[in-house]
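One-based numbering along the sequence shown.
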Amino acid sequence: MGPRTVLAVLFDGLQSLDVTGPLEVFAGADLLSPGAYRIRTASLDGAPVRTTSGLTLVPDESLTDAPDPDILLVPGGPGSLRPDPRLVDWVRERGPRAARLVSVCTGAAVLAGAGLLDGRRATTHWAYCDRLAREHPAVEIDPDPVYVRDGRISTSAGVTAGIDLALALVEEDLGRDAALTIARHLVVFLRRPGNQAQFSAQLAAQTAQREPLRDVQRWITDHPDADLSVDTLADRARLSPRHFARAFRAETGMTPGRYVDRVRLEHARRLLEDTADGVEEIARTSGYGTPEAMRRAFVRTLGTPPAEYRRRFRPATTP
């Protein structure tokens, strides 16, 4: 099989890491397996573009002259939210010809504007999910995952999520060992699965305004193995259980139970990634009580049991 052509679309106002992150993954894969990928960049009229960080990128060619790629990558940035109509038209025409169509961050807005996400599940940077859902109701927006793959179209969250998605594509093409080798060379210590949440439980939830509720949030994070029932937490906040549950949801954006679930899962993940502790001990210290309860939580949320999660995503201990 010949090299797979990766074509990155360039435009003014793109986020440079949305392009360079994934392309470094594909370039690393080509070094590891010469001839695996051929990287090209193109812009409207072949003109240089200026990124949000002030970098000027010089494309290889114009979009009109670019051949149909195996992987078409559309980055994000402010320019993707106000795209040149010619860019949207080009993506509408040429996107369906690519074997894989990929967007990073708000690049999903370009795909949606071209009508290529209609009837599909997709994601983007968490801060723009509501806007994308509002402007493109035919698209099923999922704000939680790092990336979403729906058939030949893949969309990812902000910045580093594009690296995770590129690594997943390389794993599909060249195997798991190749993807993990590239991740180590890029010092990506954890290659996240697509259905992992975009951010931690503490960032996913808003910080409560009232001190008693903020204290409860801190207590949950510091004591995942404690009794974290609504009654106990309400007593700590000196509120009735009903009043506490209503106030907690109003001020944090999620129920106490969901917040506890996220904190415990995050705690267990970190122990699996960073320690050699046994699954039984991790289940206990993370508040699950039993390995089976932790296994069910991992499968339900991440789609993989704890042992497999550790095997796949714990960083190597040697260079």
Less than 4.5 Å apart, side chain to side chain, heavy atoms only: is that true for L228 and L233?
yes
Please walk me through it: do T232 and D235 pass side-chain hydrogen bond (donor to acceptor under 3.5 Å, both in side chains)?
CA-CA 5 Å; T232 299; D235 185 63; over 6 Å; no
For a quick check under 3.5 Å, do Y309 and R269 share a side-chain donor-acceptor pair by atom type?
yes
Is it the case that the side chain of D60 and the backbone of A42 share a donor-acceptor pair, with hydrogens and angles ignored and the cut-off at 3.5 Å?
no
So which heavy atom on W126 is nearest to which on P143, and how close?
CB-O, 4.5 Å
Quick one: are T155 and Y147 in side-chain contact, heavy atoms under 4.5 Å?
no
I need the minimum non-hydrogen distance between Y288 and A268, along with the two atoms involved.
CE1-CB, 4.0 Å
Quick one, H223 and V263 - any side-chain contact, counting heavy atoms below 4.5 Å?
no
Show your reasoning for whether side chain to side chain contact (heavy atoms under 4.5 Å, CB included) applies to L72 and V102.
CA-CA 6 Å; L72 178 60; V102 175; over 6 Å; no
According to a 4.5 Å side-chain heavy-atom criterion applied to Ile, Leu, Val, Met, Phe, Trp and Tyr, with indirect links allowed, do W90 and V88 form part of one hydrophobic cluster?
no
Assess the residue pair Y259 and T221 against the criterion (side chain to side chain contact (heavy atoms under 4.5 Å, CB included)); give the C-alpha distance rounded to whole Å, side-chain angles, the decisive distance to 0.1 Å, and a yes or no.
CA-CA 10 Å; Y259 187 80; T221 301; 3.8 Å; yes
R97/D70 salt bridge by N-O under 4.0 Å criterion:
no
List for me each residue that meets side chain to side chain contact (heavy atoms under 4.5 Å, CB included) alongside T106, sequence neighbours excluded, and say none if there are none.
S80, L81, T124, Y128
Side-chain heavy-atom pair L265, F298 within 4.5 angstrom cut-off:
yes
When rounded to the nearest 0.5 Å, the distance separating CG of L117 from CG of L111 is 5.0 Å
Any residue meeting side chain to side chain contact (heavy atoms under 4.5 Å, CB included) with P78, in chain and number order, not counting sequence neighbours:
T52, R82
To the closest 0.5 Å, what do you measure between OG1 (T5) and CZ (R40)?
9.0 Å
Does R121 come within less than 4.0 Å of D142, counting only side-chain N to carboxylate O?
yes
Please determine if R149 and E172 form a salt bridge, counting it only when a charged side-chain N lies under 4.0 Å from a carboxylate O.
yes
Does this structure show an ion pair linking D173 with R4, if we count only N-O contacts that are shorter than 4.0 Å?
yes
Between V9 and P75, which heavy-atom pair has the shortest distance, and what is it?
O-CD, 3.1 Å
State whether the side chain of T304 and the backbone N or O of E308 hold a donor-acceptor pair below 3.5 Å, judged by distance alone.
no
Rounding to 0.5 Å, atoms CZ (R38) and CZ (F26) come to a distance of 15.0 Å
Between R296 and E292, does any NZ, NE, NH1 or NH2 come within less than 4.0 Å of an OD or OE carboxylate oxygen?
yes
Using only atom types and a distance under 3.5 Å, with no angle test, would you say the side chain of H136 pairs donor to acceptor with the backbone of A138?
no
Quick one: do R270 and E266 make a salt bridge, cutoff under 4.0 Å?
yes
Around atom CD of E280, are there more than 12 heavy atoms of other residues, nucleotides or ligands at under 6.0 Å?
no
Before giving the answer on side chain to side chain contact (heavy atoms under 4.5 Å, CB included), spell out for V216 and F244 the whole-Å C-alpha distance, their side-chain angles and the decisive distance to 0.1 Å.
CA-CA 10 Å; V216 167; F244 168 77; 3.9 Å; yes
d(I220 CD1, Q217 CD) to nearest 0.5 Å is 7.0 Å
Show your reasoning for whether salt bridge (charged side-chain N to carboxylate O under 4.0 Å, His left out) applies to D225 and R284.
CA-CA 7 Å; D225 58 339; R284 178 179 55 79; 5.6 Å; no
Nearest non-hydrogen partners of S103 and L165, listed with the distance
O-CD2, 4.2 Å
Checking S33 side chain against A29 main chain: does a donor-acceptor pair fall under 3.5 Å?
no
Any donor and acceptor pair, going by atom type alone, linking the side chain of R120 with main-chain N or O of D150 inside 3.5 Å?
yes
Once you round to the nearest 0.5 Å, how far does CZ of R86 lie from OG1 of T64?
8.5 Å
I'd like to know if D12 pairs up with R50 as an ion pair, taking the criterion as any Lys NZ or Arg NE/NH1/NH2 lying under 4.0 Å from an Asp or Glu carboxylate oxygen.
no
Stepwise side chain to side chain contact (heavy atoms under 4.5 Å, CB included) test for L87 and L44:
CA-CA 7 Å; L87 175 63; L44 289 169; 4.2 Å; yes
P22 and side-chain contact (heavy atoms from CB on, under 4.5 Å): which single residue from L17, L169, L73 fits?
L73
Straight-line distance of E140 CD to D118 CG, nearest 0.5 Å
12.5 Å
Looking only at non-hydrogen atoms, find the nearest pair between E171 and A179 and report the distance.
CB-CB, 3.8 Å
A side-chain contact here means heavy atoms from C-beta on lying under 4.5 Å apart; do V49 and L14 qualify?
yes
Side chains of D227 and S229, donor plus acceptor under 3.5 Å
yes
Around atom CZ of R92, are there more than 12 heavy atoms from other residues, nucleotides or ligands closer than 6.0 Å?
yes
Side chains of S62 and D45: any donor to acceptor distance under 3.5 Å?
no
Please name the pair of heavy atoms, one in T123 and one in C129, separated by the smallest distance, quoted to 0.1 Å.
OG1-SG, 4.5 Å
